[in-house]
Amino acid sequence: MKYETQKIAYNYFLIATLLFGLQVVFGLITGAKYVWDHDPLINILPFNVSREIHINLLVVWLLFGFMGGTYYLVPEESETEIYSPGLANFQLVLFALIGVTAIVGYIFRWSWGMPFLEQPTILKIGIVIVALIFLFNILMTMLKTRKWTVIQGVLLGGLVMLALLFLFGIFFMKNLTEQYYYWWWVIHLWVEGAWELVTGAIMAFVLLKLTGVERELVEKWLYVETGLVLFTGIVGTGHHYYWIGTPHYWLWVGGIFSALEPLPILFMVIDTLRDVREKKIEIENKTAVYWAIGCAVMHFFGAGVWGFAHTLPQINKWTHGTQITASHGHFAFFGAYAMLNLTVIYFAVPRIKGVKLVRNGLSLMALRTMTFSMILIALSLAVAGIVQVYLQRVLGMDYLTVQGFMKLWYAVFWASAWGFAIGAFMYIVDFFRLSSTTSARAQQ
Amino acid sequence: MKLSHAKAIFIWGTVLSSVIFLALTYDSQRSFSKRTHEEKLDEHVAAGKWVWQKYNCNDCHTILGIGGYYAPDVTKVMSYRDADWVRRFLKDPPAVWPAERKMPVLNLKDQEIEDVIAFLTWVNGIDTNNWPPKPLAVASAAAPNPGEEIFKTQGCSACHTVGGIGGKIGPDLTHVGSRRSKEWIEEQLINPKSHDPNSIMPSFAKLPEKDREELADYLSGLK
């Protein structure tokens, strides 16, 4: 760590870690409702409430991680301290308060009722304020020295895109088709657009620092990868416009562009592996490198392969709205974003704490356990989804009857989710251990 | 490849994709009115959409295939359930569909129920490019028995099993035709308590006589 204000990132990572743990707890509760149809919590915490908490925590902890990563990265790239540490801390507290209010509100049935965007409007306005404070602080920092590296440019572009697109999810529209058309501008263009820019820039920074490869090489690839992500991903939004009341040509346009979406992700895998192979300095923090490689590979399989599997309209016609989507959702979010955050945390926290992290056994155990369990989660939900598609969509059996036939796979899914929870617990323990480690102990 | 080439890929890739996307968005936006029958989108439909959001229905049910996967998709629900059934169901879901996986009682006001039915009726008319697809098994089969259709739309399988599929609250009807006559079944539909004073089955006297007759015809044929 070169700049004092990079420490701000730590509190963001801390909250991200706590919310990640809470997300897993709500995931277990939500999953149990599939395994046992009889729900003792039906009047206190019914499925819709536990699901909205589970998916909101996901988004919020990922955003906390991205913000932390940004606060760590920008001082080093701009070669200056953060413009206002006070604002950065205020932003953290405000965002955390909004998050807690939203979750408590959900339990008391205070919801806006669009998936992922369930936050009541007043809280959404608060989120916009948080985003504006964040953007202001980052932009002012960058303007102090005006060192426009490609990493900084892509990062800033991603953050602006992220904030602007959120505006499309705030307004109530009478027409459900129109509402969902713009809802995807937040959901899809975040995860397959803005977030890819933000995390692409953060990952490029981490690899640059870890491997010591030439900056120009890293930045060239960053341009190509994020350029292709946007080229395929923006029109690729069309793979959500097949069946929601939108014109038929989206089947063609969405199908072709989204089928190309795995390509830049494949480049990222090649790029990461090459950086590590052609390293210019001896990599000390092997833990962070393992997480980075894991992230690239799981990103490719979860988002790329699993997404491609049902993106063509001929297949999507049958799989849309089934557990196939849930399988892809879990796999992709974990590979592309959860692992990215954990990579950044394992890269930045030791530096913030002045600890030399070499090879951390518990962290790698957490990496293996979570990755293996997530693959099982994705596979079991995929099998449940195939059973569902065949019995419900092809044979025309009744929804609930089919759910009965999917029970076994829900049980495998839930058992795998416990495996994942154990992995997540190992990570959380390790995070706190790392936070309180002295340099001497870390050397062992 | 030089950095400037990579930058050009980034800029032109983004610009090209954005231009295509915005042009198609403009065209899609113009098509919504016709494809979604906006002339039928009145204040009840809009109020019903808010009821749908307010009770966060979408985190259990999918609509247009989007949402939670815990409960059935409701995009075309008004094609296979009549409004009266939906009204009874929304008032007390577990009573009308007594399965293990339950929808909670939401204590909806009568007006809210009417609005949400108006909303779902409007959604049913959206041109979804033929989604959800017709099941292949049904599409290739001969025209279904009209009585069997009524059995489905009235949700009889919530309580009764036929051929291994259905609920266990009422008797298994797989071979009901071998023990009950058509007339007996018609009487049962009008007044279930006529055969068993303790019966918990609701009366289907509200069905048109023709529908009752076809339903009884179908059931008495299950031998």
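By the 6.0 Å contact criterion, CZ on A:Phe405 is open, its count of non-hydrogen atoms from other residues, nucleotides or ligands being 12 or less. For A:Tyr390, the OH atom sits in a loose shell: 12 or fewer heavy atoms of surrounding residues, nucleotides or ligands are nearer than 6.0 Å.
For A:Leu222, no part sits under 4.5 Å from any heavy atom of chain B, backbone or side chain. If you measure heavy-atom distances from A:Tyr106 to chain B, you find no contacts under 4.5 Å at all. Only the side chain of B:Phe119 comes within less than 4.5 Å of a heavy atom of chain A; its backbone N, CA, C and O stay farther away. If you measure heavy-atom distances from B:Lys7 to chain A, the contacts under 4.5 Å come from both the backbone and the side chain.
Applying a 4.5 Å heavy-atom cutoff, none of the residues of residues 215-223 of chain B approach chain A. Heavy-atom proximity under 4.5 angstrom to chain A picks out B:Trp97, B:Ala99, B:Glu100 from residues 93-100 of chain B.
Using a 4.5 Å heavy-atom threshold, the side chains of B:Pro132 and A:Trp243 count as separate. Using a 4.5 Å heavy-atom threshold, the side chains of A:Tyr399 and B:Asp73 count as separate. Contact annotation: the side chain of A:Pro115 approaches that of B:Asp59 to within less than 4.5 Å [non-hydrogen atoms, C-beta and beyond]. Residues B:Lys49 and A:Phe172 meet the side-chain proximity criterion, which asks for heavy atoms closer than 4.5 Å.
Using cut-offs of 30° and 60° for the angle between ring planes, the A:His320 and B:Trp131 rings count as perpendicular.
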message: A:Tyr181 vs B:Phe32, test: ring pair (Phe, Tyr, Trp, His ring centres under 6.0 Å). Steps then yes/no.
response: CA-CA 10 Å; A:Tyr181 190 92; B:Phe32 289 157; 5.6 Å; yes

message: Using side chain to side chain donor-acceptor pair (under 3.5 Å), reason through B:Gln29 and A:Tyr182 one step at a time and then give a plain yes or no.
response: CA-CA 10 Å; B:Gln29 185 75 52; A:Tyr182 292 104; 2.5 Å; yes

